Amino acid sequence: MDRVTNYAMQGCSNNDEREEVEAAANAASRQQWMGSFHPYGMPPPVPPYFYPAPPTMPPPAGPPMQQFSEGPSVRVGDPDAGKSGPKVKLPNFNPEEDVNLTKWWLNISTDPVVNTGQRKEGFWLRIMKGYNSSRGVYPERSQKSLTTRWDYIKECCTKFSEFYSSVLRLNPSGMSDADKTMEAMARYAAALQKPFTQMHSWKLLKDEPKWEACIGAHSKVHVLDDDSSDAAAGGANEVGGPAESDVPASSGSKRPIGRDATKAARKKAATSSSSSEYISQMNDLWGNKLSLIKESHAEMASHHATMAVLQEKKMTTERELEERRLALEESRLAMEASRLEMEKIDRESRMEMERSRAAKEERAEEERILSIELDKCSPALRLFYKRQQEQILAKYSLPPP
């Protein structure tokens with residue numbers, strides 16, 4: 001089991017796939033530990049998914065990760081076209097490049113515009129342009145490099161799909177999708193003596209109709225099917241076989257009912273006996289449904305009445321609050337008008353007091369000017385004060401009749 005888990009770990013390209021493989025291995029180990037305890041000392045049954053592995057197939061020619069040396073592109077009419085330039089050795093394909101190549105193969109092969117009217121050269125030229133346009137930081141690849149790499153991806157994924165299909169045909173109970181994938185990886189590693197390293201590409205291809213058509217046309221691995229064993233068992237247990245052919249027809253013994261007739265009779269009896277129970281159960285269910293509908297309608301009517309009362313209370317409360325708000329607003333406006341009136345009266349009183357004070361000061365100044373003795377003043381001041389006194393006297397003198 002550890003060897004199979006190690007093979008599966010080597011085929012993982014990221015942490016998510018490693019976690020899935022580890023979880024499947026733990027589940028398988030728990031099932032194996034629980035299956036080791038059986039009552040009455042009976043040996044544990046062998047699960048159907050541990051059939052003998054398919055015959056070992058030779059590994060494909062060439063390394064799994066191929067390297068290509070691409071030279072500089074040659075243009076038509078270039079005088080140096082015949083000269084051989086230095087070739088640059090590109091790095092191996094990594095999982096990100098494999099995923100990019102797989103996506104572009106799916107996009108171009110399922111193009112609804114061109115559809116099947118694509119030649120091989122134009123098909124791979126479009127894939128090369130799309131791949132190099134979205135390659136990111138990875139090196140640019142030529143058409144030959146991409147076709148060779150795709151042949152390797154297709155070969156690995158086709159073989160793994162056949163192993164995975166054989167596990168699905170067995171339909172072992174108690175196995176999750178991760179367990180089935182791990183079982184297929186174990187069979188792949190046991191048959192080809194190497195781990196499956198294209199899980200990232202297979203996940204993109206497994207549910208595509210185009211890929212299913214490809215693997216249907218290139219199926220090579222054959223796994224033991226349950227139908228052959230069922231047919232053999234049925235043939236051995238079939239009534240009226242060679243063992244009964246020697247019994248004469250005149251012996252008076254009645255031929256027993258066959259297997260198909262027995263199954264049909266049992267099915268008919270089960271159907272007739274269960275029909276009345278089904279009708280009664282349906283009646284009960286319908287009655288329960290009607291009672292539930294009535295209860296729900298009553299609850300809904302009660303809810304609507306409660307909501308109407310609450311809505312009426314809410315509207316009354318809002319109306320009262322609005323009336324109080326309006327009364328407060330009117331009171332505030334009245335107080336504001338009273339304040340403005342008081343400020344106006346206060347301002348007029350201050351102005352009156354200011355005018356009275358100015359008049360007193362002016363009269364005091366006039367009295368001071370009139371009390372000045374002009375003989376004691378200098379000639380300039382005498383002339384000034386004399387004119388001031390004349391203006392003051394003219395101001396208070398009575399008009400002529």
Side-chain angles (χ1 to χ4, degrees), residues 1-38 43-60 64 95 98-99 102 152-208 211-230 232-233:
M1 190 65 184
D2 295 338
R3 180 172 60 85
V4 174
T5 305
N6 293 333
Y7 274 131
M9 285 292 186
Q10 292 177 6
C12 297
S13 60
N14 51 36
N15 294 330
D16 294 337
E17 295 179 358
R18 295 189 183 92
E19 291 178 359
E20 292 179 1
V21 171
E22 186 176 357
N26 293 335
S29 62
R30 285 197 302 270
Q31 292 179 0
Q32 183 177 3
W33 178 79
M34 293 176 66
S36 61
F37 299 96
H38 296 274
V46 179
Y49 48 87
F50 286 108
Y51 281 118
T56 304
M57 299 179 64
D98 291 341
V99 168
T102 305
Y152 172 73
I153 294 174
K154 181 179 178 182
E155 181 180 1
C156 294
C157 292
T158 301
K159 293 179 180 179
F160 181 79
S161 298
E162 292 167 352
F163 284 108
Y164 186 75
S165 299
S166 66
V167 175
L168 293 181
R169 284 195 297 269
L170 295 177
N171 194 18
S173 60
M175 291 185 69
S176 62
D177 294 340
D179 297 335
K180 295 175 183 178
T181 304
M182 186 176 178
E183 178 68 18
M185 293 178 67
R187 293 191 176 199
Y188 183 96
L192 303 181
Q193 300 299 319
K194 64 177 183 179
F196 179 60
T197 59
Q198 293 297 324
M199 181 61 68
H200 46 276
S201 298
W202 180 77
K203 287 183 177 180
L204 296 174
L205 296 169
K206 63 176 183 176
D207 297 328
E208 295 293 334
W211 174 251
E212 292 177 359
C214 290
I215 62 176
H218 298 85
S219 179
K220 296 182 179 179
V221 179
H222 301 282
V223 184
L224 181 61
D225 195 10
D226 293 339
D227 295 338
S228 60
S229 59
D230 293 342

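Owing to the predicted nature of the structure, the values given are computational and were not obtained by experimental measurement. Because only heavy atoms are used, hydrogens play no part in the values below, and waters and symmetry mates are left out as well, while side chains stay in.
- Smallest separation of non-hydrogen atoms from Met175 and Glu183: CE-CB, 4.0 Å.
- Separating the NE2 atom in His200 from the CG atom in Leu205 is a distance of 10.0 Å, to the nearest 0.5 Å.
- Every residue two or more places apart in sequence or in another chain that forms a salt bridge (Lys or Arg N to Asp or Glu O under 4.0 Å) with Lys203 is listed here: Glu17, Glu20.
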Exercise for review: Evaluate the side-chain contact (heavy atoms from CB on, under 4.5 Å) criterion for residues Met199 and Thr181: first the C-alpha distance (whole Å), next the side-chain angles of each, then the deciding distance (0.1 Å), finally the verdict.
Suggested key: CA-CA 10 Å; Met199 181 61 68; Thr181 304; 3.7 Å; yes
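- To the nearest 0.5 Å, atom CE of residue Met182 and atom CE of residue Met185 are 8.0 Å apart.
- When the side-chain hydrogen bond (donor to acceptor under 3.5 Å, both in side chains) test is applied to Ser165, no partner is found at least two apart in sequence or on another chain.
- Remark: Trp202 pairs with Phe160, Tyr164 by the ring pair (Phe, Tyr, Trp, His ring centres under 6.0 Å) rule, at least two apart or across chains.
- Residues forming a side-chain hydrogen bond (donor to acceptor under 3.5 Å, both in side chains) with Ser201 (at least two apart in sequence, or on another chain): Thr102, Gln198.
- If you take NZ on Lys206 and SG on Cys157, they are separated by 12.0 Å, rounding to the nearest 0.5 Å.
- Thr197 is listed as a side-chain neighbour of Tyr152, based on a closest heavy-atom distance under 4.5 Å.
- Between Arg187 and Leu170, the shortest heavy-atom distance links the atoms NH2-CD1, 3.4 Å.
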Exercise for review: Check the pair Tyr188 / Glu162 against side-chain contact (heavy atoms from CB on, under 4.5 Å), numbers first and verdict last.
Suggested key: CA-CA 9 Å; Tyr188 183 96; Glu162 292 167 352; over 6 Å; no
